[in-house]
Amino acid sequence: MSAVARTRAALLAWYRGHGRANLPWRTVRDPYYTLVSEFMLQQTQVDRVVPKFLAFIERFPTLAALAASSTAEVLRLWQGLGYNSRAIRLRAVAVEIVERFGGAMPRDADALRSLPGIGPYTVAAIRAFGFDEDDAPIDTNIRRIVHRLCFGIEYPALANAKAIDARARELAAPGEAHDWNSALMDLGATLCTARAPKCLLCPLHAACAAAPIDATLLDARRREHAKKPSPQNAIPFERTTRYARGRIVDRLRSLAPGERISLLDLHRDLQPLLPERPLEELERLVTVLERDGLVACDGAYIALRD
DNA sequence: AACGCGGGGTC
DNA sequence: GACCCAGCGTT
């Protein structure tokens, strides 16, 4: 048995014993579930997605149900997840699939890639998790695992993304896309973590270029190669555009469906949360939210987009 | 290539 | 308090 074959067998065996097979998007094999979960999981941890996913699927059990919904309702269900544009795009995907593909989730990579909010990672994720097609959804977890396994600890980076992705594809177990990629994700979430990896419990320990990783050394190296903080990082979070946008959208979520609020009232209501934000600044933020498709304006009245 | 986009958990 | 997270679209 080759080294690669042993690695595959070891990880798949570990997955059968220690994988999170009970995640709600894994218990039922439905590409629509994969679509919803992958959108929610873009830059958001599993533990926080699980309850949101369950509520979302309960309200929109099928792609057709989602396509028939309103943007405002999807945005309300999205509360707490962040990156609200994902909600807009997810609903738009459902509408487009109904219009362009007769309501059936596409399996074809180019078709998937043509949909809003579906980039290279999500194309591969839908194909691998939703259809068990041999594809490689390579996320931050898998990059970290492959870097450690094939090159050593990731600070400093010893390989570029292209090289890492190539190794990830070589490693993938043919015909087992769903379980193989799930296994890698679970390993990255539970053992081969960014912070303090548990190499002693890892099924790939013997083959790994980085193991055993000393958490203290890893931490020191990370600090050494840390990027400089961006200017926005230097100011308090409450003063950032992100925070202000979040408070505006939250206020609009709290309106009854169909209800609108004037810019003046919005400004007044948000005073406690957004002090020293002049009316003109609030107006600018609302204009950008409208451009982003989250918000609809009618004269001086504002609501979530329908 | 760099930036904007949220929010919550972790150490 | 800094770091991290099943990325994508824009510039």
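Chain identifiers are assigned alphabetically (A, B, ...) following the order of the sequence lines, protein sequences preceding nucleic acid strands; residue numbering begins at 1 within each chain. None of the values given here were measured: they were computed from a predicted structure.
Here, B:dG8 and C:dG9 have their C1' atoms 24 Å apart, quoted to the whole Å. Comparing the P positions of B:dG6 and C:dT10 gives a spacing of 15 Å, expressed to the nearest Å. One C1' atom belongs to B:dG9, the other to C:dC8, and the distance between them is 23 Å to the nearest Å.
Contact annotation for A:Trp25: base contact, defined as any heavy-atom pair under 4.0 Å involving a base atom. Backbone-only contact: A:Ala194 has heavy atoms under 4.0 Å from sugar-phosphate atoms and none from a base. Residue contacts shown for A:Tyr33 are absent, as no nucleic acid heavy atom lies under 4.0 Å away. Within 4.0 Å of A:Val46, counting heavy atoms only, lies at least one base atom of the nucleic acid.
Rounded to whole Å, atom C1' of C:dC8 lies 10 Å from atom CZ of A:Arg86. Between the NZ atom of A:Lys52 and the C1' atom of B:dG7 there is a distance of 11 Å, given to the nearest Å. In this entry the distance linking CG of A:Leu41 with P of C:dG7 reads 8 Å, nearest Å. Look at CD1 on A:Ile142: it is 13 Å from P on C:dC5, rounded to the nearest Å. Residue A:Leu184 contributes atom CG, which lies 17 Å from atom C1' of C:dC5 at whole-angstrom precision. At whole-Å resolution of the value, CZ in A:Arg239 and P in B:dG4 are 16 Å apart. The distance from atom CG of A:Asp292 to atom C1' of B:dG4 is 9 Å, rounded to the nearest whole Å. Regarding A:Ile235, its CD1 atom lies at a distance of 10 Å from the P atom of B:dG4, rounded to whole Å.
In the interface, the side chain of A:Thr44 is not paired with the base of B:dG7 through any donor and acceptor atom under 3.5 Å apart.
Listed nucleotides C:dA6, C:dC8, C:dC4 differ in distance to A:Gln42; the shortest reach to its side chain belongs to C:dC8. In the set C:dC4, C:dA6, B:dG6, the nucleotide with an atom closest to the side chain of A:Arg222 is C:dC4.
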Grab the N/O contacts between the protein and nucleotides 8-11 of chain B below 3.5 Å, and write none if there aren't any.
residue: B:dG8; atom: N2; partner: A:Gln45; partner atom: NE2; Å: 2.8

Can you tabulate the close N/O pairs, meaning under 3.5 Å, that link protein atoms to atoms of nucleotides 9-11 of chain C?
residue: C:dG9; atom: OP1; partner: A:Gly117; partner atom: N; Å: 2.5

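A donor-acceptor contact closer than 3.5 angstrom links the side chains of A:Thr44 and A:Arg86. No hydrogens or angles considered: nothing links the side chains of A:Thr287 and A:Arg284 as a donor-acceptor pair under 3.5 Å. For A:Ser69 and A:Arg59, the side-chain atoms include no donor-acceptor pair closer than 3.5 Å.
Close to B:dG6, at under 4.0 Å from its OP1 or OP2, lies a side-chain N or O of A:Asn84. Phosphate contact (OP1/OP2 of B:dG7, side-chain N/O of A:Arg245, threshold under 4.0 Å): absent. At the phosphate of C:dG7, OP1 or OP2 sits under 4.0 Å from a side-chain N or O atom of A:Gln43. Not one side-chain nitrogen or oxygen of A:Arg223 sits closer than 4.0 Å to the OP1 or OP2 atom of C:dA2. Contact check, A:Thr122 against C:dG7: no side-chain N or O comes under 4.0 Å of OP1 or OP2.
Environment of CG in A:Asn160: crowded, with over 12 heavy atoms of neighbouring residues, nucleotides or ligands closer than 6.0 Å. Within 6.0 Å of CD on A:Gln271 lie more than 12 heavy atoms contributed by other residues, nucleotides or ligands. At most 12 heavy atoms of other shown residues, nucleotides or ligands fall within 6.0 angstrom of atom OH in A:Tyr301. Within 6.0 Å of CD in A:Glu58 there are 12 or fewer heavy atoms belonging to other residues, nucleotides or ligands.
Contact check for A:Leu184 versus A:Leu171: no side-chain heavy atoms found under the 4.5 Å cut-off.
When each of A:Arg127, A:Gln42, A:Arg113 is paired with A:Thr122, the side chain to side chain donor-acceptor pair (under 3.5 Å) condition holds for A:Gln42 and for no other.
Residues satisfying the ring pair (Phe, Tyr, Trp, His ring centres under 6.0 Å) criterion with A:Phe56, sequence neighbours excluded, are A:Phe60.
Between A:Tyr33 and A:Phe53, a ring centre-to-centre spacing shorter than 6.0 Å is recorded.
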